[in-house]
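Take a look at the structure set out below.
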Amino acid sequence: MSLDLFRLSRESTSRVLQTAMQRGGDFAEIYCEHARYNSLVMEEGILKTAVSSIEKGVGVRVVKGEKTGYAYTEQLDDKNFLKIAATAAAIADDKGSEEAFAVDPKTLKNYYQVADPSIDVDLDQKITWINKANDFARKHSDLVSKVTISYADSRRALVIADSRGRLVEDVQPMLRFSISVICEKDGERQIGRAGDGGRVGFSFVTGEKVKHWAEKAVNEALTLLNAKQAPAGMLPVILAPGDSGILLHEAIGHPLEADFNRKGTSAYTGRLGEMVADAQCTIIDDGTIENDRGAINIDDELNDSQRTVLIEEGRLKSYMMDEISARYFEQESTGNGRRESYKYQPLPRMRTTYMLPGKYSADEIVGSTQHGIYCKTFKGGQVDISNGNFTFVPSEAYLIEDGKITHPIKNFLLVGNGPDALSKVTMVGNDFEMGTGIWTCGKGQSVPVGVGLPTIKISQMTVGGQQA
Amino acid sequence: MKQYADLKELEEKARDVLQMARDKGADTAECQIMRRRDFEVEVRNGEIENLSEAEPFEMSLTVSQDYRRASVSTCDLTPDSIRGIVDQAMVLSKYTDRDTFYTLPKPEQLATEFKDLDLFDAGLLDMPVTEKIELARELENHLLAVDERLKSDGASFSSTISAAVVANSAGFCKAEQRTLLGMGVSGFADDQVKEGDLNVGRKQSGSWGSQRRHRADLRGTKETAQRAANNVLRKIGARKPQTGTFPCYFEPTVARSIWSNLLAAMTGGAVYRNESFLIDQLEQQVCSDIVTITEDPFIPRGQSSRNYDREGVAKKAAKLIEKGRLNTWLLGSYSANKLGKTTTGHAGGTANLLIEPGPFDEAGLLKEMGTGIWVISLLGQGVNISTGDFSRAALGLWVENGEVQYPVMEFTLNSNLKDMLKNISHMGNNVMHDWSVQTPGFIIGNMNVSGL
């Protein structure tokens with residue numbers, strides 16, 4: 001894996017960078033990607049779909065202040081590289097520099113060393129696990145009417161060079177195993193889902209895990225079959241550890257992405273150093289968790305991956321920076337400049353966002369609640385950056401009555417306001433868990449991310465059910 | 001007329017790929033090749049913030065052997081790469097299971113007549129970049145001129161010129177050129193909640209944009225900016241509403257998302273999978289009798305106009321919902337086979353949809369509603385197509401006796417789509433023509449509002 005895979009050499013790379021900088025940009029980079037994606041889907045007991053795709057292209061970006069010129073090509077030859085470099089260069093309008101842009105390889109710390117990349121594993125082995133998952137799910141309950149197993153893996157090979165003289169190679173593996181089931185009883189249908197993954201090798205998938213995911217998906221659907229309509233109005237909300245970290249991703253993560261703050265559109269603009277959450281809350285965005293779905297060795301503009309403290313004991317410490325924002329705020333980048341592929345420009349994006357554990361046990365937290373709801377698993381969320389409103393949608397959730405988790409509830413979402421919700425975090429549990437490796441964040445581009453949370457209690461949130 | 005690509009050559013290339021697959025033993029093959037020229041410029045505070053261009057060239061191929069199917073795609077269209085990817089598809093197809101429901105359309109279902117839908121604006125080929133930038137600048141200037149509280153979050157202009165071929169071994173092969181232009185602008189304004197409140201940095205944002213096949217059909221920049229400005233200003237000062245049950249007026253932008261929920265439930269895939277709240281409802285009353293939805297694939301310059309679907313099946317104009325009655329599922333060959341029916345030409349989705357307007361203008365609708373919520377945006381993924389359960393966060397305007405009182409936010413709307421569609425009580429005449437789903441606003445009674 002190297003430059004020659006893209007029909008480039010270190011010399012031609014220098015020439016492309018020189019062309020990109022010919023009108024005096026602040027910096028330029030050339031981003032080469034060769035990605036392979038595979039997916040297999042079993043439905044109705046048969047392997048219905050096998051898809052394999054290749055994406056291979058080269059993008060050139062030139063940045064001048066807050067201005068960006070970008071172009072990419074999939075026809076890999078010197079003529080096209082120089083053409084896209086000249087297109088991107090047009091964003092700047094100064095005199096270029098005469099200097100040559102020699103690039104030197106830089107070695108990275110690897111957070112996802114994988115001995116058995118799944119992309120190279122024989123399809124029969126993958127299909128074996130898919131069949132097992134299907135069997136486990138069907139055996140777990142007679143009410144299972146449908147099982148869908150989806151297996152996906154990928155390998156992105158990147159070579160990135162920039163006008164600051166850096167040349168980096170990275171190989172990003174990814175695997176994701178998901179199970180979705182429908183259970184039916186008395187004409188009612190409910191869906192349950194489970195799965196996991198990450199930047200892991202194929203041995204990540206084991207019989208024990210496959211059985212666990214299958215049963216978890218079925219149990220969720222069975223629970224929902226017994227669920228009643230959720231209440232409506234303001235109630236205390238307790239979030240289970242793990243995937244509930246979606247709350248952080250929406251409520252505080254997106255609004256702290258530096259582009260929104262540089263442009264002044266975020267509800268947190270200009271609030272660095274202020275208290276924006278309860279003092280029990282310390283929130284981190286971290287790209288250095290080994291084999292995690294949100295791990296990166298380096299971001300997509302050659303800044304080192306890092307563990308960034310966003311909120312420390314309730315106080316806003318840092319935004320998530322890409323290079324343009326870092327220069328704007330005259331700080332170092334936090335290594336959050338990420339992109340979906342060579343077809344896109346980098347933006348400030350999350351990696352794995354989580355809250356550090358606190359002092360309460362889960363029992364104490366639930367026990368402290370007279371009437372509220374307990375949310376265990378989630379479908380996803382969304383946020384309006386400017387006013388801070390966010391939603392997230394639970395799948396498995398329960399009522400809490402007299403300090404005990406009681407009846408399952410369905411058909412609702414939670415709506416809150418970022419600064420408001422985080423100031424109402426009244427208890428933080430000591431039972432931190434990482435979420436499952438299944439989350440994808442969409443901000444015009446899709447990137448894999450992680451979340452994590454201990455059990456927490458939010459004293460009041462709007463629960464969007466039916467029964468007032 | 002000036003051309004973007006040689007369509008004959010593109011068709012030839014697709015035929016070669018199909019032949020190559022058949023030579024290697026495929027029983028069926030479907031191939032799509034697309035070549036595009038993309039341009040986008042974003043302007044913020046008078047400066048070009050972002051300018052990007054690209055010319056992607058992509059191919060996808062699905063093959064089957066003995067009803068075992070596999071798909072591949074690539075953006076490397078060199079002969080070696082194409083041979084490699086065809087081989088890969090053939091190998092992959094040996095691993096999948098036999099699925100006899102997978103067939104191509106019958107020859108008599110394929111489109112043979114091709115109306116001129118005028119989807120290609122040759123003038124776009126020569127449109128100078130400076131003019132594109134100027135349109136974005138104009139949009140932003142108009143926005144900022146509306147009200148001094150407004151700040152810009154950027155204005156953009158984008159264009160795509162494409163040539164795409166759809167081909168399959170049932171005997172279909174057709175290449176076409178299309179253009180699509182879009183422009184939009186976003187603004188925001190401070191919305192200081194009271195002093196000492198936690199959310200002191202609160203802002204409201206709003207945007208407007210539209211897409212057209214021809215440059216001459218683009219909305220004026222002033223009108224577009226005015227709509228965007230209005231979308232910001234009318235949210236300022238929003239409060240949380242009371243919890244209760246109220247009627248809601250869904251303006252056209254949000255009405256569109258309710259229709260997309262309905263269409264998702266009519267899609268063959270959802271029906272044969274038993275994942276639609278409309279199962280067993282074919283030819284039954286599923287909406288109130290004031291709802292009629294017509295699919296018209298042949299609107300000249302229409303955003304979703306087409307002569308054929310993704311499988312080459314001829315499109316037809318049809319009433320999908322007639323006075324509330326569900327006339328048809330939306331089927332491609334596979335879902336049709338699963339359900340024992342024939343394809344309706346909906347592989348790859350619906351074409352332009354026209355929702356029949358009613359007698360009321362916006363003021364009339366509010367008057368009919370009396371007291372309730374005018375919904376202007378929806379947030380969150382709380383829709384379950386399988387059960388019809390609907391729970392989404394919303395932002396809107398509180399209305400009393402037909403008069404707007406103040407904006408409301410941080411609340412949820414909850415109901416079930418089965419009930420909501422039947423509870424559509426009043427249809428407006430304010431059809432929005434900016435999208436492929438051309439809908440007026442409407443009122444739905446009895447929504448559960450969860451707020452304070």
Side-chain angles (χ1 to χ4, degrees), chain A residues 46-57 66-74 87 90-91 123 127 145-146 182 189 191 232-234 263-265 267-271 343 345 379-382 384 386-389 391 393 410-413 415 417 419-420 423 462-466 468, chain B residues 44 47-57 69-76 85 88 92-93 95-99 151 153 188 191 198-199 201-205 235 238 240 243-244 273-275 379-382 384 386-387 389 391-393 395 409-414 448 450-452:
Chain A
I46 61 170
L47 190 73
K48 267 195 196 179
T49 315
V51 180
S52 176
S53 65
I54 298 170
E55 291 198 4
K56 189 172 175 183
E66 292 183 81
K67 300 156 82 168
T68 305
Y70 194 74
Y72 71 84
T73 183
E74 291 161 342
T87 302
I91 196 75
L123 275 179
I127 294 168
S145 62
K146 189 161 184 306
I182 294 183
R189 296 182 295 272
I191 299 178
M234 306 274 274
K263 296 176 184 178
T265 55
Y268 292 93
T269 301
R271 301 192 64 194
K343 295 180 183 175
Q345 306 170 33
K379 286 186 198 123
Q382 206 182 340
D384 182 332
S386 55
N387 57 35
N389 268 11
T391 69
V393 189
K410 65 181 176 186
N411 183 23
F412 71 105
L413 52 60
V415 57
N417 190 275
D420 182 54
S423 70
T462 298
V463 178
Q466 292 190 350
Chain B
R44 190 169 62 91
E47 298 272 0
I48 298 170
E49 180 159 80
N50 207 322
L51 196 146
S52 56
E53 282 183 49
E55 224 166 323
F57 200 3
R69 169 174 47 153
S71 304
V72 291
S73 70
T74 183
C75 53
D76 183 351
I85 198 102
Q88 197 186 351
L92 216 47
S93 68
Y95 287 91
T96 49
D97 290 316
R98 263 183 112 234
D99 184 355
K151 291 176 220 166
D153 190 26
F188 67 102
D191 185 15
L198 287 156
N199 197 358
R202 191 171 99 176
K203 295 165 187 70
Q204 296 293 353
S205 61
K235 295 178 188 167
K240 209 172 167 114
T243 297
R273 289 184 172 98
N274 212 12
E275 286 174 13
L379 194 71
Q381 306 93 326
N384 184 338
S386 182
T387 60
D389 285 342
S391 178
R392 300 191 71 186
L395 201 152
M409 64 180 234
E410 223 189 306
F411 64 98
T412 64
L413 296 176
N414 186 307
N448 296 296
S450 179
L452 281 172

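Per chain, numbering begins at 1; letters A, B, ... match sequence-line order.
- Of all the listed residues (A/K56, A/M234, A/E55), the one sharing the greatest number of non-hydrogen pairs under 4.5 Å with chain B is A/M234.
- Highest contact tally toward chain B, considering only A/T73, A/T49, A/I182, is held by A/I182 [criterion: heavy-atom pairs under 4.5 Å].
- Residues A/K410 and B/T387 have side chains that never bring a donor and an acceptor to within less than 3.5 angstrom of each other.
- With a 4.5 angstrom heavy-atom cutoff, B/F188 touches chain A only via side-chain atoms.
- Only the side chain of B/R44 comes within contact range of chain A, with at least one heavy atom under 4.5 Å from a heavy atom of that chain.
- Ion pairing between A/R189 and B/E275 fails under the 4.0 Å rule for side-chain N and carboxylate O.
- The main-chain N or O of A/V463 is found under 3.5 Å from a side-chain atom of B/S450 such that the two form a donor-acceptor pair.
- Exactly one residue among B/Q204, B/R202, B/E410 makes a side chain to side chain donor-acceptor pair (under 3.5 Å) with A/N387. That residue is B/Q204.
- When each of A/I46, A/I127, A/V393 is scored by its heavy-atom pairs under 4.5 Å with chain B, the top score falls to A/I46.
- No donor-acceptor distance shorter than 3.5 angstrom exists from the side chain of A/E74 to the backbone of B/P56, with no hydrogens or angles considered.
- In this structure, chain B has heavy atoms under 4.5 Å from both the backbone and the side chain of A/K48.
- Formation of a donor-acceptor pair under 3.5 Å by the B/N414 side chain with backbone atoms of A/G464 is found in this model.
- Atom CD1 in A/I54 sits 4.5 Å away from atom OG1 in B/T74 (nearest 0.5 Å).
- Heavy-atom distances place the side chain of B/K240, and not its backbone, under 4.5 Å from chain A.
- For chain B, the option among A/V415, A/L413, A/T462 with the highest count of heavy-atom pairs below 4.5 Å is A/L413.
- Between the side chains of B/Q88 and A/S52, at least one donor N or O lies within less than 3.5 Å of an accepting N or O.
- No side-chain heavy atom of B/E47 sits under 4.5 Å from any side-chain heavy atom of A/E66.
- Between the side chain of A/Q466 and the backbone N or O of B/N448 there is no donor-acceptor pair closer than 3.5 Å.
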Would B/E49 and A/K263 count as a side-chain contact (heavy atoms from CB on, under 4.5 Å) if you check the C-alpha gap in whole Å, the side-chain angles of each, and the deciding distance to 0.1 Å?
CA-CA 11 Å; B/E49 180 159 80; A/K263 296 176 184 178; 3.4 Å; yes
